[in-house]
Amino acid sequence: MPKKPFVPKVVSANELHSGETIYLTASGWSPDIAAAVIGFNAVAAEGLLQRALTEPHLAVGPYLIDVALSDDGHPEPVRLRERMRINGPSVGALNGPPPVSARSRSAAA
Amino acid sequence: MYMYRYDEFDRQMVRARVAEFRSQIERRISGALTEDEFKPLRLMNGLYLQLHAYMLRVAIPYGQLSSRQLRTLADIADKYDRGYGHLTTRQNIQYNWPKLSEVADILDDLAGVEMHAIQTSGNCIRNVTSDPFAGVAADELEDPRPTAELMRQWSTFHPEFSFLPRKFKIAITGSPNDRAAVFFHDIGLRMVRGANGAPGYEVIVGGGQGRTPMIGKVVRDYLPRGELLGYLEAIMRVYNLHGRRDNKYKARIKILVHELGLEQFKAEVEAEYTRKPQTDVALSEAELARISAYFALPDYDALPERSETFETARASDPAFAQWAGRNLFTHKQPGYAAVTITVKRVSGEPGDVTSHDMRAVADLADTYSFGGIRVTHEQNLVLADVRKDDLYDLWKGLVVAGLADANKGLISDIIACPGMDYCALATARSIPIAQAISTRFADTRRQEEIGPLAIKISGCINACGHHHVGHIGILGLEKAGEEFYQITLGGDATQTAAIGERAGPGFSADGVTDAIERIVEHYLDVRDDGETFLETCRRLGPETFKEALYADH
Amino acid sequence: MPIIRHGSAVADDWTLIGPEDADAALSDGDVIVPLARLDDALAVERNGRVGVDIGNDADTGTLQGLVGRVDLIQIDFPSFADGRGFSLAKRLRNLGFEGVLRAHGPLIADQAAFAESCGFDEIAIDDLHAARQAAEHFAEIRSVFATTYQEGLEPAGAKRSILSARHAAG
């Protein structure tokens with residue numbers, strides 16, 4: 001029986017001070033998932049997570065999330081929950097400005 | 001203001017707590033505390049980390065607020081958050097967007113008005129909740145608030161019980177009509193009289209919702225009032241010693257009661273109660289008397305039961321009449337009423353109040369209700385002491401504030417947890433479902449026709465939306481990467497306690513509203529004259545709805 | 001192993017004998033032995049006091065039998081989040097134990113006052129833990145709260161309870 005193909009991963013966490021969603025990049029952390037460094041196999045993914053865990057002063061509770069690659073190679077979250085963490089609450093006439101992560105995405109667009 | 005006021009001891013404790021938390025935050029940042037160590041400490045100060053941000057849960061002891069406190073909550077929303085707060089199913093309020101670096105400042109602002117976020121999370125004793133009509137309900141045997149305040153103090157920074165196997169929730173009712181859900185708490189108390197008329201409590205242990213909903217069991221029919229703290233200590237010690245710590249989902253006291261069996265559990269508690277040093281009953285009674293003085297009755301006017309002003313307005317203004325028919329509660333003082341302000345706008349977010357809402361309610365409370373407000377565990381607000389003569393003016397003020405929805409207890413008065421829009425534990429969203437349902441049933445005449453129907457929605461199996469005790473409960477899960485909703489029927493949070501029964505296979509987000517409509521239509525078909533949804537459900541059994549729900553499937 | 005007593009780091013007078021040292025003869029001086037070795041240790045004529053380590057999950061039925069027999073009881077905290085030891089300590093004090101109660105485990109400074117109020121005399125933390133949490137933290141946190149809401153805490157009379165202060169006669 002063929003092994004299930006490895007789903008690429010990125011590391012997500014919450015920024016210590018603001019609590020905002022952030023992603024591990026090659027050089028640090030970013031609220032923009034497009035900048036996240038991708039682990040294409042189990043060993044690489046685990047390595048990324050271990051690196052993330054060495055920075056508790058920056059990121060809280062890092063964990064791996066499944067991503068799919070867009071046409072231009074950018075990671076996009078697979079699970080609805082992770083999409084929510086990028087876009088912010090789906091409800092909320094009462095919510096003020098969108099979270100930083102969404103702002104930087106639209107700024108980049 | 002007719003509520004508890006801090007003395008210098010209380011103020012010292014809250015200030016010390018803020019200083020302690022500042023130190024803990026500094027040690028977290030410096031690395032002296034790991035995140036693992038910091039997490040329970042921040043939880044014990046009500047600070048969660050959610051999907052998008054931190055969340056701060058502010059304690060509103062037994063739901064009681066002064067207008068000054070409510071205005072401060074509004075100011076905090078504007079200064080540190082996004083201009084709103086969320087009323088919870090345990091009578092607290094939570095903010096969704098605070099920053100860690102500002103939390104200690106928020107706590108300072110709260111301390112300035114005798115408020116805090118102590119023990120609103122963590123494996124410790126949480127906010128003691130009660131009847132939102134405590135002290136004014138015509139059907140009340142005794143006011144539960146002094147006891148609630150006594151327990152609040154006793155449980156605060158308890159050296160022995162701050163690292164329990166799991167969270168611990170206590171509720172108390174002073175009325176035989178239980179509006180505090182005491183059968184669904186770790187400890188529930190009902191105020192009763194002993195054989196000789198002496199005041200005391202019926203003690204119920206081991207209720208709860210979550211993954212394994214259970215109805216609490218009576219452990220003591222009658223506990224004399226002065227013995228309460230000593231007896232609670234015995235229960236807590238048995239739990240702290242014998243509660244499971246190997247499995248987070250089996251760690252509540254309800255599991256201990258279930259696994260030991262009620263008789264053995266009672267024996268353990270009574271043995272501990274006997275062997276431990278006797279607590280000072282006289283001291284407890286003295287403290288209760290001291291606290292009770294703060295809850296003295298307000299300076300009511302001597303009024304007749306019937307208000308001509310009210311009756312005239314009711315006869316001439318149909319919208320007011322409809323609101324009066326729904327949102328009023330019988331007050332024990334002639335000529336007065338308790339008012340529910342529902343925060344369940346059609347297609348709004350259940351329980352969310354803007355800073356503007358909060359200030360409007362604070363002003364109305366000052367003008368019409370001795371400056372007092374209550375938060376209910378159904379995510380609404382109450383002005384408890386309104387002269388019937390003033391109800392029409394109050395209602396007009398609520399209309400201006402956009403807070404005059406006449407839907408207390410109706411199908412659009414939905415309880416919903418924040419769900420996957422906010423919560424890191426959620427498996428599905430709950431707020432959009434609430435919005436879809438309230439939009440579908442927006443028509444007030446239709447709502448009136450349906451009558452009382454409590455829908456409760458939880459976005460995951462932890463059941464913070466209390467779906468198990470909804471007349472209709474909705475549980476949001478995940479199936480094959482999609483949100484997926486199960487329906488339960490016939491739940492009841494009152495003294496006729498019942499856990500809802502699963503209706504059958506679940507529904508997609510798109511299908512849930514139609515499913516609710518089918519249930520409602522069937523109810524309207526089969527109900528007896530004047531029968532509520534819950535009564536019909538009890539008479540015919542939840543099975544009656546299954547065919548209506550699944551006939552086309 | 002650093003011992004914190006009333007917020008200060010003090011020397012450890014006791015030698016802890018682990019279960020793996022089962023066959024080792026007991027040295028002179030004060031020793032803490034596992035519960036399974038207690039009877040043997042008490043039977044021997046020695047120079048020094050005997051303490052016992054009851055772990056964290058000791059059967060509460062064994063506690064009564066320790067009162068009056070040992071000079072020290074060590075209670076383990078497998079994690080700082082596991083607060084069972086606080087009730088074990090309280091139970092022992094309620095049963096009349098008057099010796100030293102030692103909490104052993106990764107307690108954090110913020111728990112020191114709680115530990116004392118439940119009857120512990122000292123906290124033994126491991127070296128790694130101590131490196132992050134200087135004794136100063138223990139001292140600082142211990143004095144943050146001047147009073148307690150609860151009655152009946154240990155040591156009796158050490159910290160005035162708020163209820164007693166409010167209703168003091170006269």
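No experiment lies behind these values; they were computed from the predicted model shown. A, B, ... follow the sequence lines: proteins, then strands. Residue 1 opens every chain.
In this structure, no portion of Glu82(A) lies under 4.5 Å from any heavy atom of chain B. Both the backbone and the side chain of Ala424(B) come within contact range of chain A, with heavy atoms under 4.5 Å apart. Heavy atoms of Arg81(A) lying under 4.5 Å from chain B belong to its backbone as well as its side chain. Interface remark: Gln50(B) contributes backbone atoms only to the contact with chain A (heavy atom separation under 4.5 Å). Proximity to chain A (any heavy atom under 4.5 Å) is restricted, for Pro98(B), to the backbone atoms N, CA, C and O. The part of Leu49(B) that comes within reach of chain A is its side chain, from C-beta onward, which places non-hydrogen atoms under 4.5 angstrom from that chain. Contacts of Glu478(B) with chain A are made by side-chain atoms alone, with heavy-atom separations under 4.5 Å and no backbone atom involved.
For the residue pair Val91(A) and Pro432(B), the shortest heavy atom distance occurs at CG1-CG, 3.8 Å. Here the shortest heavy-atom pairing between Arg429(B) and Ser90(A) reads NH1-OG, 3.0 Å. Minimum heavy-atom separation, Leu51(B) to Met84(A): CD1-CB, 4.5 Å.
Atoms CD and OG, from Glu102(B) and Ser18(A) in turn, are 10.5 Å apart once rounded to the nearest 0.5 Å. Atom NE2 of His52(B) sits about 8.5 Å away from atom CZ of Arg85(A), to the nearest 0.5 Å.
The backbone N or O of Leu16(A) sits less than 3.5 Å from a side-chain atom of Tyr54(B), completing a donor-acceptor pair.
For the options Met420(B), Glu482(B), Lys99(B), Glu35(B), heavy-atom pairs under 4.5 Å to chain A are most numerous at Met420(B).
With a 4.5 Å cut-off on side-chain heavy atoms, Pro56(A) and Arg28(B) count as touching. By the 4.5 Å heavy-atom criterion applied to side chains, His57(A) and Ile29(B) are not counted as neighbours.
Under a cut-off of 6.0 angstrom, the local environment of CG in Asp71(A) is sparse, with at most 12 non-hydrogen atoms contributed by other residues, nucleotides or ligands.
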